[in-house]
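We count ligands from 1, going down the list as the structure has it; atoms in each ligand are counted the same way.
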Amino acid sequence: MTVNLLDLDLEGLAVFCERLGEKRFRAVQLFRWIHRKGAQNFEDMSDLAKSFREKLKSLATITPLSVVSQHISADGTIKWLFDVGGGNAIETVFIPESDRGTLCVSSQAGCAVGCRFCSTGHQGFSRNLTTGEIISQLWHAEFFLRKHLGCDERVISNVVMMGMGEPLQNYKELIPALKVMLDDHGYGLSRRRVTVSTSGIVPMIDRLSQDCPVALAVSVHAPNDGLRDQLVPLNLKYPLSQLMAACHRYLAFAPRDFITFEYCMLAGVNDSDECALQLVQRIKAHPGTWCKFNLIPFNPFPASGLTCSSPERVKVFARILNDAGIITTVRKTRGDDIDAACGQLAGDVKDRTRVVDRIARQRSIPIHPVADSTLANSGAVQ
Ligand code: SAH
Ligand code: SF4
């Protein structure tokens with residue numbers, strides 16, 4: 001059986017090379033060919049001994065995902081659909097900005113969390129991506145863009161694990177992929193510029209702080225458990241008080257001195273003044289200026305039965321948080337003409353769970369606004 005070298009971080013590649021009787025610095029050379037130069041062919045690796053190249057040819061491959069389609073938006077955003085086999089496809093989005101290039105990377109084919117407002121969630125879950133499939137998205141995008149733009153320099157400066165899937169439910173494959181992104185011999189990205197976004201798997205937030213502390217974004221979406229239970233079902237297992245405490249603990253190891261909270265603005269559901277005030281209370285229950293809010297205008301899709309808050313409502317909501325000293329920004333929508341905006345990534349998922357059924361059942365239940373008492377009972381108010 002051949003090994004796909006995209007599955008290995010530098011440590012893994014060093015072990016692989018040692019087994020072939022090669023020194024560690026050979027692994028470094030090989031790693032650089034793959035992730036710095038985008039090489040796919042061992043023949044091209046001119047500074048590796050011919051005998052080593054022959055061994056590699058018989059035992060290893062560099063096999064990226066195959067591209068099903070590529071769409072370029074009027075604003076320069078690019079979306080790729082990659083085939084991951086078994087009838088599944090995943091999506092990756094490149095977002096160019098004047099001072100950075102951000103790649104939004106998927107971690108799973110589908111997602112088992114089943115958030116009510118997310119089109120990936122509505123498709124159910126098929127499987128975790130491998131490390132190679134996660135890294136492949138960056139490998140393809142980076143080397144495609146260099147060729148496309150005719151430049152030798154790095155194009156992608158930031159990675160956000162905000163594509164399809166819940167990255168912390170694919171922890172084992174995620175960590176080596178993050179290490180390749182951060183490695184100076186690989187993509188050399190700064191820890192501050194690699195962000196893991198999670199719907200809040202509390203024990204895994206703690207593990208991430210020890211194993212690979214990158215920037216953390218947490219999808220909060222509601223100020224109290226009663227409402228969050230309905231929007232992000234995972235909240236039943238890891239309620240807000242536990243989640244907030246885990247975020248606060250993460251700070252001691254984080255590359256930045258704040259956690260980002262994402263909050264998807266849903267008209268009449270989580271966008272009232274009352275919700276904003278409850279959020280302020282919850283944040284202030286922990287000392288310091290320790291978080292920022294990123295309000296995401298909801299990108300509607302028909303099956304959700306939800307609509308986006310008006311721009312005025314988003315503005316007022318942001319003002320309440322800002323006035324309380326919580327830095328709050330509103331995320332600009334990019335690439336919506338090619339369905340590449342937040343929460344629109346749907347790929348193609350052969351659901352192997354009952355998530356789709358569960359969501360269909362949920363959809364028929366109206367979302368209940370939740371009174372303050374839920375907050376008082378949740379331990380946030382001291
Ligand atoms: N599973 C992870 C990362 C992927 S989702 C997480 O939930 O954090 C990335 C972000 O897009 C999350 O904040 C998610 O809540 C948000 N999102 C999902 N569906 C959306 C939609 N329809 N409109 C706007 N944002 C959405
Ligand atoms: Fe999964 Fe994130 Fe979508 Fe929730 S918002 S269903 S966790 S991808």
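Less than 6.0 angstrom separates the ring centroid of Phe261 from the ring centroid of Trp290.
We find that Arg313 and Asp273 are joined by a salt bridge, their nearest charged nitrogen and carboxylate oxygen being less than 4.0 Å apart. Checked for salt-bridge contact, Glu312 and Lys315 miss the test: no charged N lies under 4.0 Å from a carboxylate O. A salt bridge links Arg24 to Glu11: one of the charged nitrogens lies within less than 4.0 Å of a carboxylate oxygen. Taking a cutoff of 4.0 Å between a charged side-chain nitrogen and a carboxylate oxygen, Arg249 and Asp206 qualify as a salt bridge.
Residue-ligand proximity, Met161 to ligand 1, at heavy-atom distances under 4.0 Å covers atoms 3 (C). Within ligand 1, counting atoms from 1 as listed, the ones closer than 4.0 Å to a heavy atom of Gly163 are 4 (C). Below 4.0 Å from some heavy atom of Cys118 lie the following atoms of ligand 1, by number and element: 18 (C), 19 (N). Less than 4.0 angstrom separates some heavy atom of Cys264 from each of these atoms of ligand 1: 23 (N), 24 (C), 25 (N). Those atoms of ligand 1 that come under 4.0 Å of a heavy atom in Ile296, given as number and element, are 13 (O), 24 (C), 25 (N). For ligand 2, the atoms sitting less than 4.0 Å from at least one non-hydrogen atom of Cys118 are 3 (Fe), 5 (S), 6 (S), 8 (S), numbered in the order shown with element in parentheses. Of all the atoms in ligand 1, the ones that sit under 4.0 Å from a non-hydrogen atom of Glu262 are 10 (C), 12 (C), 13 (O).
For Gly121, the closest heavy-atom approach to ligand 1 does not fall below 4.0 Å. Contact analysis leaves Ser119 out of contact with ligand 1, as no non-hydrogen atom separation drops below 4.0 angstrom. In this structure, Cys111 has no heavy atom closer than 4.0 Å to ligand 1.
Note on ring orientation: taking the six-membered ring where Trp is involved, the planes of His122 and Phe301 are perpendicular (angle over 60°, cut-offs 30° and 60°).
Counting heavy atoms only, Gly165 comes closest to atom 8 (S) of ligand 2 of the residues Ser107, Ala112, Gly165.
When heavy-atom distances to ligand 1 are checked against a 4.0 Å cut-off, Met164 has no atom that comes that close, whether in backbone or side chain. Contacts between Thr198 and ligand 1 below 4.0 angstrom, taking non-hydrogen atoms only, involve the backbone exclusively. Proximity of Met162 to ligand 1, defined as any heavy-atom pair under 4.0 Å, is shared by backbone and side chain alike. Contacts between Ser199 and ligand 2 below 4.0 angstrom, taking non-hydrogen atoms only, involve the side chain exclusively.
No side-chain donor-acceptor contact under 3.5 Å links Asp271 to the backbone of Phe317.
Atom 1 (Fe) of ligand 2 lies under 2.8 Å from an N, O or S atom belonging to Cys111.
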